[in-house]
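Presented below is the structure to which this report refers.
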Amino acid sequence: MEAARSQITQGALDAIFNDPERLEREFPVPICQCVQIKALGNPSADGAPERYRIVLSDIKNFVQSMLATQANHVVHEGKLKKGSFVRLKQYQANAVKGKRILIILGIEVIEELGECEKIGDPKGLEVKEEQDVKPANTTIAGNGFYGNKPQQPPAQDRALPSRTGPTSSASTHGTIYPIEGLSPYANKWTIKARVTNKSEIRTWHKQNSEGKLFSVNLLDETGEIKATGFNDQCDMLYDVFQEGSVYYISSPCRVQLAKKQFSNINNDYELTFERDTQVEKADDQDNVPQVRYNFTTVGDLQTIDKDSTIDVVGVLKEVGEMSQIVSKSTQKPYEKRDLTLVDDTGFSVKMTIWGKTAQSFDADPESIVAFKGAKVSDFGGRSLSLLSSGSMTVNPDIPEAHKLKGWYDAQGRTGTFNSHSNMASAGGAGGRQDQTKTVAQVKDENLGMSENTDYFTTKGTIVYIKQDNVSYPACLNEGCNKKVTDMGDGTWRCEKCDQTHPKPEHRYIMSLNVNDHTGQLWLSCFDDVGRMIMGMTADQLMELRETDQTALERAFEDANCKTLVFRCRAKMDTYQDQQKVRYQVMNASPINYTAEAHKLAELIKAYNVD
DNA sequence: CCCCCCCC
C-alpha cells in the first residue's frame, strides 16, 4: 500500500480540470486508484455496448469517470478491479450539466501494485468558480482537448490546453465531447471531428416537399457519426466543410436516432445541423484519426445479408478496365471499374467502384486496399459495390493490411481462391445454390444416374489420394490443357495445337477418397483443385518425384485428412462397357466456420418443436 | 425533411 501511495500522482485530477500548465509540467501520465467500478445497463438486452463507470482517486480528489468502450478490455481481462492502480494514458475531461466527468480512452492497470482499500480520504473535485457557472461551450481558459493519441510517447502527443492560448479556437469551445458520448440527452456540447466523407448536394422533389441537402461523416478517437444539413444549413455549411479536415461542431444541433439502413456508420444516432449550430475549422488538425474500419473478411461475406454495408480489406488481385453502364431506373450513364479482392480466408470477391474513384484508380495489382462503406449484393453469390459515402485507401498503414501483406507474400500469391458463386447456400430452403448432401444422400438419391447431370455439394474429409497417375503432361499453350506426347528427343508434341514444346506443364488429375460420417466416395478433380489440395503445382510435385522421395511422401501426407466443401458434378460414364457414375469436383473450398456454424444452427432449429 | 448508389 505504501508503494502504491508513493506512486499516485496527488493533485493530478485537479490539474486535469483546473490547471493544464501544471498538468503538463508535473503529470504527463497521471496515476490513480480505481475506488469503484459499476457496469451500466444491460448489454445483452439491446445489443448496445456495455459501459463501465469508475471512480478514480488521486488521494486528494476523486472524480467520476467513464470507460470508453475501447478501454473496456481492462475489465474484460479481469485486470481492473476495485482498488487497482492505473495509469491514465489517454483521456478527455468533460463537463456534463456542470458535473465533471473524465472519459477514459486509454488506461493501463499497474498489476504489480495489486489492489487495496481506498487510500486516504479523497474529496469531490472542486472546480474553479468561473468555470462552474459558465456553460461548457463558452470560453473556459485552458479547457481544450485533453485526449492523448494512443501508442505514442506521452511527451509528444499530449494536445494540452496550454498550447492553445485563450484566443485560439480550441479555447473558445470549452470542453470537448467524445462522439461516442453524444445522445439526445447530451446538453451543451462541442465535438472535434474529422470529416471523413462529404456528399454532393442532392435535391428532392415530392408531392409535399422539396429541398436540398448534403451530409458529412464525422470521426474522432471514440467513434463516428453522420451529420446532415438541409436547405439553409446546406447553403451555409456545404462550402465550410472540406473532406479530410478537422472541425469543432457545437450544439445547438439535433441528435436523433440513426436510420441504420441508410448509414455505413457505426452509431445509434445521427446529427442534423440547425440554424445556430456552430462549425469552425480547428487550428490543430492532428490528433484526430483519419478513418475507422469494422472489417468483414471476404470469406464471411456469405453470412452477410444482401444490401448490408460493410468494410473490407483485401489484396488487389485483378483490376478491370473502365466501362460505362446505364442505370435502368434513371437512364443515367455511370462509369465503373471492377476489381477482384482476395484475402486469407481463401475467398475472392468482385468489388465495383464508380465515377471519379474508378477513373482515377491507379493502384498496382497485389496492393492492399481497404474499403469503408461497400454494399453487399448477391450477384455471383456475393459481390461488392463501393457506396458514394464510402472510401477506398490503398496500402493503408493498419495492422490488418500488414497481416494480409505478410500472408500474401508467404502463401497467398500462389494460392487459388474460391468465389462465392461456387459456394453452397448457408442452409435454409429456397436457395438457388444446390443443397449440401451427405455421401449417403448422394448415393441414395441416385445422383448422376439419370439423363441429366446432377450437381451437389458435400462436406467431407480426404482419407486417401491415389498416388499413381496423379497428373499428366499438358500442352504449354494457354487454355489448351491437352495431353502432350514425349517425342523422346526432349520435345513434347501437342496434336491439337500441332506444335512441339521443350517441356510440358504437368496438370493434376487426382482421385480422392472422401469420407463423411455416412460413407465414402471417389471424387476426381483437375488442376486447380489439385493445386489447392497439394499446396503446390503438379510441376513442383513431379520435380519432387524425381529428386526427393521423402518430400514427395510428406506432400501427400500433408494433403491427406483435409476437410473441405466439395462442389461436384455427378454424371454417368461408360468405361470398358461398364456404366458408372463419375463424380467430378468442380470446386473445393476450406470450411468457412462462420457459414458452417450458421448452417448447423439452422439444422438444429429444424428439430425445434413448438 | 433524404435514404439514390446504378450494370452483369
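- To the nearest angstrom, P of B/dC6 lies 12 Å from CG of A/Asp378.
- The nucleotide whose nearest atom lies closest to any side-chain atom of A/Arg254 is, among B/dC6, B/dC1, B/dC8, B/dC1.
- Residues from residues 199-211 of chain A with heavy atoms under 4.0 angstrom of DNA chain B, sorted by number: A/Arg202, A/Trp204, A/Lys206, A/Ser209.
- Out of B/dC1, B/dC7, B/dC8, the shortest distance to the side chain of A/Lys350 is found at B/dC8.
- In this structure, A/Asp344 pairs ionically with A/Lys403, as a charged nitrogen and a carboxylate oxygen lie closer than 4.0 Å.
- Contact check, A/Ser329 against B/dC4: no side-chain N or O comes under 4.0 Å of OP1 or OP2.
- In summary, of the residues considered (A/Phe230, A/Tyr247, A/Phe241), a ring pair (Phe, Tyr, Trp, His ring centres under 6.0 Å) with A/Phe273 occurs for A/Phe241 alone.
- Which of B/dC3, B/dC8, B/dC7 sits closest to the side chain of A/Lys336 comes down to B/dC7.
- Counting atom types as modelled, A/Lys332 pairs no side-chain N or O with a base atom of B/dC6 as donor and acceptor under 3.5 Å.
- A/Lys212 comes within 4.0 angstrom of nothing in the nucleic acid, heavy atoms only.
- Listed candidates were B/dC1, B/dC8, B/dC6. Nearest to the side chain of A/Phe230 is B/dC1.
- Regarding A/Glu270, its CD atom lies at a distance of 12 Å from the C1' atom of B/dC1, rounded to whole Å.
- In terms of polar N and O atoms assigned as donor or acceptor, the side chain of A/Lys375 never comes within less than 3.5 Å of the base of B/dC4 in a complementary pairing.
- Base engagement by A/Thr352 is indicated by at least one non-hydrogen atom pair under 4.0 Å involving a base atom.
- Between A/Arg382 and A/Asp378 there is no salt bridge, since no side-chain nitrogen of the basic residue lies less than 4.0 Å from a carboxylate oxygen of the acidic one.
- Taking 4.0 angstrom as the limit, A/Lys259 places a side-chain polar atom (N or O) nearer than this to OP1 or OP2 of B/dC1.
- At the heavy-atom level, A/Lys260 lies nowhere under 4.0 Å from the strands shown.
- Note on A/Asp338: nothing from the nucleic acid sits closer than 4.0 angstrom, heavy atoms only.
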